[in-house]
Amino acid sequence: MALLSPSRRVRRTPFSDGVEAAGVKAYTVYNRMLLPTVFESVEADYHHMKKHVQVWDVACERQVELRGPDAAKLMQMLTPRDLRGMLPGRCFYVPIVDETGGMLNDPVAVKLAEDRWWISIADSDLMLWVKGIAQGFRLDVLVDEPDVSPLAVQGPKADDLMARVFGEAVRDVKFFRFGMFQFEGRDLVVARSGYSKQGGFEIYVEGSDIGMPLWNALFAAGEDLEVRAGCPNLIERIEGGLLSYGNDMTDDNTPHECGLGRFCDTQTAIGCIGRDALLRVSKEGPTQQIRAIAIEGDAVPRCDRVWPLFAKGERIGQITSAAWSPDHKTNVAIGMVRMTHWDSGTALEVETPEGMRMATVQPGFWA
Ligand code: THG
């Protein structure tokens, strides 16, 4: 593919200088911001992440901040997940739905205080929807995008690296919770979370000016841990069943179709804008759903459009993400499959740009 023309519309991040010095080989654009996709190679990056520790520039996971007396009310209007039991210091993975129950985003909600939330968004212009609702319902809440840029530290040695920079107490942070930790005299949110199944942390870097100092401190502290610059890895995230908004699902899909029913409490999520629509569709249950799918044969090419899925010549779904897995010695994939063909073991055919391949519905994701 040709190169990406840089311009003001494609925002750099507080870590871009470090990413470039580390030899980034490819970028994508996410929330109108640069997101690295390859350093050495997708496969080499994958093996390194599973064995060591990586620092990821995920500043493109922008924060939509809700601040004010109606912040919690607004947050509950956005999602069918019941937030009443959520305490400050917690992070929740939350489907965000429109009035039809269609997925608008699948962010991580960070509850800083009853009246202060961050919505750590996937790739869609969620702030416009949130501002529209706040204004339309005359809510007493400010909605904006603060100067906060997540930096992820992922891999089996993440705890050791983080302890060297933030102190031993960081090891005690539990999954999907956060604590406040100091760096150069500034208090930062540090959560145990991240877009991989290898474990690790996300540092919500508040203030672009400390971006490179923190980046450099992590690399200086982790030399003997073989720390490297990395990024969300296509192979690893498919193995783990981590969904990519805009790729694996769009606003045409309900959370239940996406397999996110476990993050919905539609009965009790009073105030959620999509609640009535979801109650209607969830009565019958979804008629298609996301599945782990293995594709036979050699490494598939990059999946940059839907690949139709067939059974006996009939179209029954589509593949939306696929990659060769060196650890599982098969092509791992994420697809949306009709109910009639979604059972584990069902044999399918997938139309790739390089021809038809046999494929099989898996009992679950690989990791
Ligand atoms: N971290 C933060 N912001 C993000 C992402 C992130 N914004 C964009 C994107 N990623 C949002 N999508 C996801 C998808 C999956 C998860 C988090 C964000 C995730 N899921 C876990 C799982 O499915 O195993 C755990 C969910 C749970 O049990 O609560 O982590 O990565 N800040």
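In each ligand, atom 1 is the first atom listed, and ligand 1 is the first ligand listed.
- Asp70 places no side-chain N or O within donor-acceptor distance of the main-chain N or O of Leu139, the cut-off being under 3.5 Å.
- Looking at Trp56 against ligand 1, nothing comes within 4.0 Å, counting heavy atoms.
- Taking the six-membered ring where tryptophan is involved, the planes of Phe263 and Tyr93 are perpendicular, since the angle between them exceeds 60° and thus also 30°.
- With a 4.0 Å heavy-atom cut-off, ligand 1 is reached by no atom of Tyr245.
- Polar contact with ligand 1: present for Asp106 (N/O pair, distance under 3.5 Å).
- Ion pairing between Asp304 and Arg302 fails under the 4.0 Å rule for side-chain N and carboxylate O.
- Inclusion of Tyr93 in the set of residues having an N or O under 3.5 Å from an N or O of ligand 1 is not warranted.
- Here the protein heavy atom with the shortest distance to atom 6 (C) of ligand 1 is Glu61 OE2, 3.4 Å.
- Proximity of a side-chain donor or acceptor of Ser124 to a complementary backbone N or O of Leu104 within less than 3.5 Å is detected.
- Where the criterion is an N or O separation shorter than 3.5 Å, residue side chain and backbone included, Arg81 fails it with respect to ligand 1.
- Closest to atom 19 (C) of ligand 1, if we only count protein heavy atoms, is Leu242 CD2, 3.9 Å.
- Of the candidates Glu239, Lys50, Gln154, Arg237, Ser196 forms a side-chain contact (heavy atoms from CB on, under 4.5 Å) with just one, namely Gln154.
- Using a 30° and 60° split on the angle between ring planes, His328 and Trp366 fall in the tilted class, from 30° to 60°.
- Nearest protein heavy-atom contact of atom 22 (C) of ligand 1 is Lys197 NZ, 3.5 Å.
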